[in-house]
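When a ligand or atom number is given, it counts from 1 through the structure's own listing order. Start at 1 with the first residue, then count along the sequence. A quick note: this is a predicted structure, and the numbers were derived from the prediction, not measured.
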Amino acid sequence: MTATRPCVLVTRALPQDIESRMRDMFDVRLNADDIPMAAGEIVAAASGADVIVPTVTDRFDAELIARLPETVRLLANFGVGVNHIDLAAATARGIVVTNTPDVLTDDTADIALSLMLAVPRRLVEGDRLVRSGAWQGWSPTFMVGRRLTGRRLGIIGMGRIGQAVARRALGFGMRVQYHNRQRLAVEVEHALDATWQEDLDVMLAETDVLSINCPYTPETRHLLDERRLNLLPRDAIVINTARGEIIDEAALARCLADGRLAGAGLDVYEREPAVEPALLALDNVVFAPHLGSATSESRSAMGEKVIANITGFLVRNDPPDCVDPQ
Ligand code: DGY
C-alpha cells in the first residue's frame, strides 16, 4: 500500500464493524445517511479517491464510469452480482472490478427455500388471516396447500447458489434437475442427485418448482418470457432470488392471474424497489425485499471480502475476487 492512506469512497452504509475497520485502514468517505447517491454525487465524492465501494443500488454505466476521476482504479463491489456495473467500460478505463462471492451462498439459498415453502404452504396468507382475527379454527379442508416432497425442482443456473439450493432440496425429498451453460462434473451431479437438462424448454415442461439462480446478463434478460412461462405445468411455482430482470414480470403477473401458474416467491424485482402493481394485487405471490444476503453473518463477511479485495489490489495488484470482464 502507498505511504499515504488509500482513499476509499463507500456509496452506502455498511455494517458498523466493517466501517470501523475501514476507518482504521483507509482514508474512508462513508455515507452516514445511507441515501443512494446520484451519479453526479458519486463523481463529486470520488474526487481523489483510489477505490469506490458500490452496491447493487448504484448504476455504474458507461456514462458514469467515463466521468469518474482518473484516480479511481478499483470498484470493490459489496455484493456478488455485478450487473449494475458496465464491466467493458470499466476495463476500457483500466478500472478493476471485484465482488464478494461464496460468503452469501448459504443465506441466499435459505431465502430460496423459505419462499419455496411459504408459497405452496400458504404461510403469508395464513399469517394475514390470523392477524386479522378472522380465523375460524381448524378444519379438514381449510387452507390446504401442496407439499414439496416428491416434486420436481428445476434450477436455472447451477453455480454456487444453485448447488446450495439443490443440496437443501434433497433434504426435502425433491427431484432435482438443472439447466446451466455447462454441465457439472459427474461427481457433483451424483452428490446432488441432479440431472442436467441441456434444453431449458424441455426442463420447464417437467418442472413443478422453478428456482432462478443464474446471473443477470444481456443474455438472461427476460429469459423467462411469456412463452417460456407457459411451458411450465399449471400447478408450478416460480422462485426468483437472482435478479428481477431475468423474468418478464408483467408476463408472470398475467400467468398467475389467469391460473396458468400456481404461485411465485420473489426476492428480486425488475425495477427495485418498485414492484409490478399487477403482481402486488395477487394472493398467490410471496414477496421478500431482496433479503438473499441479509444476515449479519453474510453482511460482515461481504465487508471483509471488500477489505481483502482493496488491500489485495493495492498491495499486490492481485485482489482475490477479481471479476472477469468477459
Ligand atoms: C448480491 O450480492 O448480488 C446481492 O443480490 C446484493 O447485491
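Val103 and Val56 fall into different hydrophobic clusters, where Ile, Leu, Val, Met, Phe, Trp and Tyr are joined by side-chain heavy atoms under 4.5 Å apart, directly or via other members.
Side-chain atoms of Thr295 and Asp107 include a donor-acceptor pair closer than 3.5 Å. Between the side chains of Asn77 and His84, a donor-acceptor pair is found at a separation under 3.5 Å. Side-chain atoms of Thr217 and Asn83 include no donor-acceptor pair closer than 3.5 Å.
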Please table the atom pairs, donor to acceptor, closer than 3.5 Å between any side-chain atom in residues 267-275 and protein atoms at least two apart or in another chain.
unit_1 : atom_1 : unit_2 : atom_2 : d
Asp267 : OD1    : His290 : N      : 3.0
Asp267 : OD1    : Leu291 : N      : 2.6
Asp267 : OD2    : Leu291 : N      : 3.0
Asp267 : OD2    : Gly292 : N      : 2.9
Tyr269 : OH     : Leu266 : O      : 2.7
Tyr269 : OH     : Ala288 : N      : 3.2
Tyr269 : OH     : Ala288 : O      : 2.8
Glu270 : OE1    : His222 : NE2    : 2.9
Glu270 : OE2    : Glu249 : N      : 3.0
Glu272 : OE1    : His290 : ND1    : 2.8
Glu272 : OE2    : Tyr269 : N      : 3.0
Glu272 : OE2    : His290 : ND1    : 3.3

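The closest donor-acceptor contact from the side chain of Asp110 to the backbone of Ser114 lies at 3.5 Å or more, if one exists at all.
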Report all N/O contacts between ligand 1 and the protein shorter than 3.5 Å as a table of atom names and distances to 0.1 Å; if there are none, say 'none'.
unit_1   : atom_1 : unit_2 : atom_2 : d
ligand 1 : 2 (O)  : Val80  : N      : 2.7
ligand 1 : 3 (O)  : Val80  : N      : 3.4
ligand 1 : 3 (O)  : Gly81  : N      : 2.8
ligand 1 : 3 (O)  : Arg243 : NH2    : 2.8
ligand 1 : 5 (O)  : Arg243 : NH1    : 2.8
ligand 1 : 5 (O)  : Arg243 : NH2    : 3.4
ligand 1 : 5 (O)  : His290 : NE2    : 2.7

